[in-house]
Each structure stands twice: as structure tokens, then as C-alpha cells.
Q: 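One structure coming up, written as C-alpha cells, with questions to follow.
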Amino acid sequence: MADDIPMDVLSSSGASDASSFCSTGPTTPASSPLFRPSGSDDLAVLTQLAHLRSIESVASEPVKSVCVVGAGYVGGPTAAVLALYHPSITVEVLDRDPRRIQQWQSPHLPVHESGLETVVRTVRDGADMAGDEGLTDPLSVQKRGRNLFFTCDTATIARADIVFMAVNTPTKTFGVGAGCATNMTAFDSAMREVAAHAKPGAIIVEKSTVPGGTAERVRKMLSTYRPGVPFEVLSNPEFLAEGCAIDNLTAPDRVLIGSAGTPSGRRAARTLANLYEAWVPSSKILQTNSWSSELAKLVANAMLAQRISSINSISAICEKTGAEVDQVAHAIGLDARIGPQFLKAGLGFGGSCFRKDIASLAYLAESLGLDDVAHYWRQVNVMNERQRDRFSRKVIDCFERNLVGRKLAILGFAFKKNTGDTRESLAVDVIRQLLEERPAEIAIFDPYCRPEDILREIMSVAPEAVHNEVVKISSDPYLACSQAHAVLVVTDCDQFRNTRPKKKRATTQSVLFPQKSPAWAPAHDLLCHETTLERETWTHDGVSYQLNAQDACSPNCSDCRTTCDRPSVTEQVEWTRIAYNMLEPRWVFDGRGQLDAAELEKLGVRVDTVGRRTA
Ligand SMILES: NC(=O)C1=CN([C@@H]2O[C@H](COP(=O)(O)OP(=O)(O)OC[C@H]3O[C@@H](n4cnc5c(N)ncnc54)[C@H](O)[C@@H]3O)[C@@H](O)[C@H]2O)C=CC1
Ligand SMILES: O=C(O)[C@H]1O[C@H](OP(=O)(O)OP(=O)(O)OC[C@H]2O[C@@H](n3ccc(=O)[nH]c3=O)[C@H](O)[C@@H]2O)[C@H](O)[C@@H](O)[C@@H]1O
């Protein structure tokens, strides 16, 4: 039995739906070409009829139930947003990891994203809601039921009209294609569950980033496991970026849907487009064939990453000349054909996707015999690794290649700001290289990462440093930097700046909902997230929601303990305080080019900035 799902959900669309297509007698009149009055042909006719009905149902029947397989950074937020915009659809998120599921059901969500908790609580726990009249008038308040559920029970698949596949697709580390090809183990194992349980006519949607041709492979897989049963397979890659997932999901630049191009494939694509049209303008929903859609996802990431490697290659030139990389980036970004985004030089790109998606693209090119193309894209990853090496080397050189006895502080461990994701953290490589020089201590502070995640990543490259407590995690930036000979800014967190960040431009959300919605940003910033009689309220799209209180955790909840230990730094750090407690030679290495070096130098520290020649 699925966890925590009301009985009416289970009874209205149980697994029996799947068989009901076959057990219902034909209603086709005798004159129909499908009708054969007798004998062994009956079964074939019934099967054919069932298929026709289930294919038809893809387009004609409203979607009542959605299953998202994979409760990760993509699956969780995607399911929550889908549930928010479709209160009448039951959204169930399936994961094989019980710990993840338990966290999604608790106050301690496994993913840190601005605005996510508010959305999850609204749809997972239900809320009171009211329109313009507001929540103060009891007569205008309505109940919003719960329609987001998290479970480990694969039976949930059988209830779904649409199944989104959002499991991890990392790089293969073994066998043919090791280091480049996509490891499809998780995807294929989840697909086998889907093939076993999905009801006829279900639409299977690839949300995961997969190699080109996967939709075709999935179609074959389905026809092997469930011969003769009709399913539609769509590609619908996700383009959200971590740290702004809710903004990206609620106001995407585009939604891409790839289908088989057959009439039923197009109908399935239309059904999926209808779901999105609840909040995305139809002009932003693109339909292509599956291959184009799958390839477009890899190419989008490759092109973004390529810009970063390009500007970082220029930063290397700047560091040896009088040019400043930010000035160069600004000057070229003003050309409308180039544009200003993704030109920020730094330590290179981290995160779970850019490197692996470029490797997958290069592997595809290589498998097609296009070695030059493969080499071209691989260079983007090569440049990226060199960027980190250059940074670590610079730190070591500034200490005349002797870090013995020195304390280094690392500000930021996540691969970018506003996330607690430690996968492919840039800091790991830097720390690994610095540890080779045997410093006395490396202290790490990050405002969002869990200490256990940081330690796990470092354990994978330098277990001894963790055991010997050379590497320490601090929940306080000032403690981390106290008595440090150098401070390295590794993540672009606004908390680490020494100047006010530039004002954010209005999000596209405010364009989408000009009058009604005050946009998500204020909701995130909790400006319209207030506590009224101890119940929090928030407003979106002209509707005010009053959240229900969350169930209390057990007294020995380990997540509560971790949360208490975690930093509460949301304000900018005071560099005066940091500088005061540093030891000579008081180096600050700005790996993200976001500090005002001249201001910092007034505090008596030496500053080295990526993409600028050191004074
Ligand atoms: N993280 C991101 O920002 C983005 C990721 N993507 C793509 O989305 C996909 C998912 O990425 P993330 O959410 O970051 O991964 P993740 O690792 O955070 O989550 C994947 C989840 O799938 C679960 N899982 C694995 N095998 C399963 C199975 N057989 N049955 C049920 N659950 C299973 C895992 O337990 C895990 O919770 C990847 O293909 C990734 O490339 C796409 C856009 C953005
Ligand atoms: O497929 C994915 O997983 C996602 O990958 C990226 O999203 P994400 O990796 O979450 O974050 P980005 O904002 O793209 O940053 C990636 C890395 O590049 C770095 N970066 C970014 C921009 C820049 O100008 N310079 C730069 O060094 C960031 O600090 C970070 O380490 C893409 O932006 C998403 O569109 C895509 O869906």
C-alpha cells in the first residue's frame, strides 16, 4: 500500500484499472469491422479493441493521476509545481530510497530551494485559501486538499495516466564508455518497474537527461516487457538550474516535448502540453521529434558550459596581462549577438550535469565516427579542470610552495550559490590539491551544505585528512576564518560579498501574472509569507494560502539536530571581522571574482582575484 495516500485516491484508480480494459466486454456493434462473432479470434479482437480504447484515452480523458519516479532535485520540485497548478490531479512521487521519501514527508526537505518548502507544504499538507477577499473573511476561505504524496511503493505507477522519469543518469564509471557514456542503470531499472506496472495507454515521459535515441529504446523495452500493450513515450527534458528551481519551473524559458510523431504520439504530446498550459503560455511550448528533444537538452548544457570555459580561458590571459576579465566580459556581452549571461569567470563550472552531459555528447559524436566533434566538446571539460588546477596552483605559489603549518579557510562548498548540493563541488578538487601540500588545517564554511555531505565528498578524495581532522567543517564563517593564513572564496554566495549585490531584475513570473501575482521572488524572501495567528500565509497568482502546521518531528530526529548545528548566515559576512582575525600573510583568494578588491585591501589583506593580474 502506498504511504499516506487517502483511500479515495486508491479506490478511484487502483491497479485494477490496468486489467479493466481487458475484462470489459466489447461494445462494438456487429457491423464493425472489428467484430468477429466467434472462436479464438475473440481474444485478439478484445486486445485490439482495448488498445484502441487506451490509445484514445491518452487524448480524450482528463489526466487524473501523475507519478514522478525519482524524488531528487528535479523530481521533487517538478512534482510540487505540477501539484500546485493542478489541484485536481493526484501527484505521487516514487523513490527507492526510503530516507529521501521520509525527508520529503517531513519538515526537513532533502533539497534546499528558495520557495520550495512553501509550495510543498501547500500541496502536501493542504491549506486554507482565499482570493482577493483575503483570508480574514471566513466566508471566502476554502480548503485546498492534499494532492502531493511521496512513496516507495511501486504500485503507485499503476495509478498514473502520466509517468515522469526523473531518476539520476550519471556518467558510466566502468566498462564500455567509462568516463563518457551515460550510466543508464538507475533509469533502466526504474523503466523495468514502469513497464511492469504502468496501465495501458499511460504516457511515459523522460524528464531525466538521457542519450539521444533513448525514447526509441524505451519503446522497444516496453514492447518486450508488455508486448502488444500500447504506451506513448515522450521526451520532455528539464532545464531548471539549481538555486532557482521554483522560478525556472514556474516561468520556464520554454518547455520542450519530443514525440514519435505518430498520431497517437502527437496526441500524447498534446496531453502533456495541456498540463503545462495551466501556467506556461502555449507559445513557449515547443514540439519536436524525440531525438531532437533529447539532443537539444545535451546541447543546451554544452553551449552554456562552453561559454564558461571560453571566458575562463580568457581569464588565464588576463592574469598574465593588464586586462581584467570582468571588463572584457562586460564589453563583449553588450553585443546583442553574444549577450551577457554565462560569462562570469571563476573556478569553472561544477554541479552534477554540465560535465557529464558534455561527456555524453562527446561520446555520441565519437560513436558516430565524428572524432573531431568529440574532441571539440571534450576540450570544454578539459579547460574546466585546468581552471581549478590553476587556482590551486596560484594559492600554493603565493605561499612559496610551502603550506606546511598553515591554516586555510574555504568559504563555500556547494557548486554554486543558493543550493546545498555538493555534487561535483569545485571545492573538492581545490581542497584535494591543497592537502597534498600538508597544511595544518583546512576549515570549511558553507551556508547551505550539510556537514555530512561535505565530509562524504572529501572522504572520497582524502579520507585521511578527514580522519586526522585536518579538514574541519565549521557552522560559523568567523570561526572558520579565525587564525587563517588565507581565505579562499570558492562559491559565489551573496553572503561572501563585501559589496551589496546588484538589484535583481524582475522575474519573468511578474510578466506572466502581471496584476495578480506579486511574483515568486517576494514569496521566497518571505515578504508576503507572514505568520498570522501562528499560521504562515503566502500569496501566489491572486490566491492567498494559509499553511497548515507541520507534524512535529520525533524528539530524537537526527535532521532536527543537524539543522540546529547548521549555520544560520543569511546576511553578508563582515569582512572587517574576518580580516582582523586572520594571520599574516593574510591572503584572500577570490575564486569567483565577486569581491571588491580595493575595499578589501583597505582592511590590510592581500587579494588575488580570478582573471586579474595579482598586484
Ligand atoms: N539537478 C538538476 O539541476 C538537473 C538535473 N537534470 C537531470 O534530471 C535527472 C535527475 O537529476 P537529479 O534530480 O539531480 O538526481 P537526484 O540524484 O537528485 O535524484 C534522482 C533520484 O532517483 C532515485 N532513483 C534512482 N533509481 C530509482 C529507481 N529505480 N526507482 C525509483 N527511484 C530511483 C534516487 O534514489 C534519487 O532520489 C538527471 O538525468 C539529471 O541529468 C536535469 C535538469 C536539472
Ligand atoms: O541540466 C542541468 O542540470 C542544468 O544545468 C545547469 O544548471 P545548474 O548546473 O544547476 O547551474 P548553473 O547556474 O548553470 O551553473 C553551473 C555551474 O557553472 C558556474 N557558472 C555559471 C555561470 C557563469 O557565468 N559562470 C560560472 O562559472 C556556476 O557557478 C556553477 O558551478 C543549467 O543552467 C540548467 O539549464 C540545466 O537544466
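Start at 1 and go down the list; that is how both ligands and their atoms are numbered.
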Q: Please confirm whether Cys353 comes within less than 3.5 Å of ligand 2 when only nitrogen or oxygen atoms on both sides are compared.
A: no

Q: Say whether Asp95, considering both its backbone and side-chain N or O atoms, lies within less than 3.5 Å of an N or O atom on ligand 1.
A: yes

Q: Under 4.0 Å, heavy atoms only, figure out whether ligand 2 is touched by the backbone of Thr419, its side chain, both or neither.
A: neither

Q: Which residue in the set Glu324, Lys344, Gln387 passes side chain to side chain donor-acceptor pair (under 3.5 Å) when paired with Ser315?
A: Gln387

Q: Does Glu193 have a heavy atom less than 4.0 Å from any atom of ligand 1?
A: no

Q: Identify, by atom number and element, the atoms of ligand 1 in contact range of Lys356, meaning under 4.0 Å from any of its heavy atoms.
A: 40 (C), 41 (O)

Q: Give the numbers and elements of all ligand 1 atoms closer than 4.0 Å to a heavy atom of Ala190.
A: 28 (C), 29 (N)

Q: Answer yes or no: does an N/O atom from Lys344 fall short of 3.5 Å to an N/O atom of ligand 2?
A: yes

Q: Under a 4.0 angstrom heavy-atom cut-off, which atoms of ligand 1 come close to Ala166?
A: 10 (C), 20 (C)

Q: Can you find an N/O atom of Phe349 closer than 3.5 Å to an N/O atom of ligand 2?
A: no

Q: For ligand 2, note which part of Asn301 has a heavy atom under 4.0 Å away: side chain, backbone, both or neither.
A: side chain

Q: For atom 1 (N) of ligand 1, which protein heavy atom lies nearest, and how many Å away is it?
A: Glu242 OE2, 2.9 Å

Q: Please report whether ligand 2 has a polar contact with Asp492, defined as an N or O pair separated by less than 3.5 Å (distance criterion only).
A: no

Q: Pull out every atom of ligand 1 sitting under 4.0 Å from any heavy atom of Ala186, numbered as shown with elements.
A: 25 (C), 26 (N), 29 (N)

Q: Any idea which part of Arg592 is under 4.0 Å from ligand 2, heavy-atom wise: side chain, backbone, both or neither?
A: side chain

Q: Ignoring hydrogens, just give me the one of Lys416, Lys356, Lys297, Arg307 whose non-hydrogen atom is nearest atom 11 (O) of ligand 2.
A: Lys416

Q: On the 0 to 90° scale, with breaks at 30° and 60°, tag the Phe496-Phe445 ring pair as parallel, tilted or perpendicular.
A: perpendicular

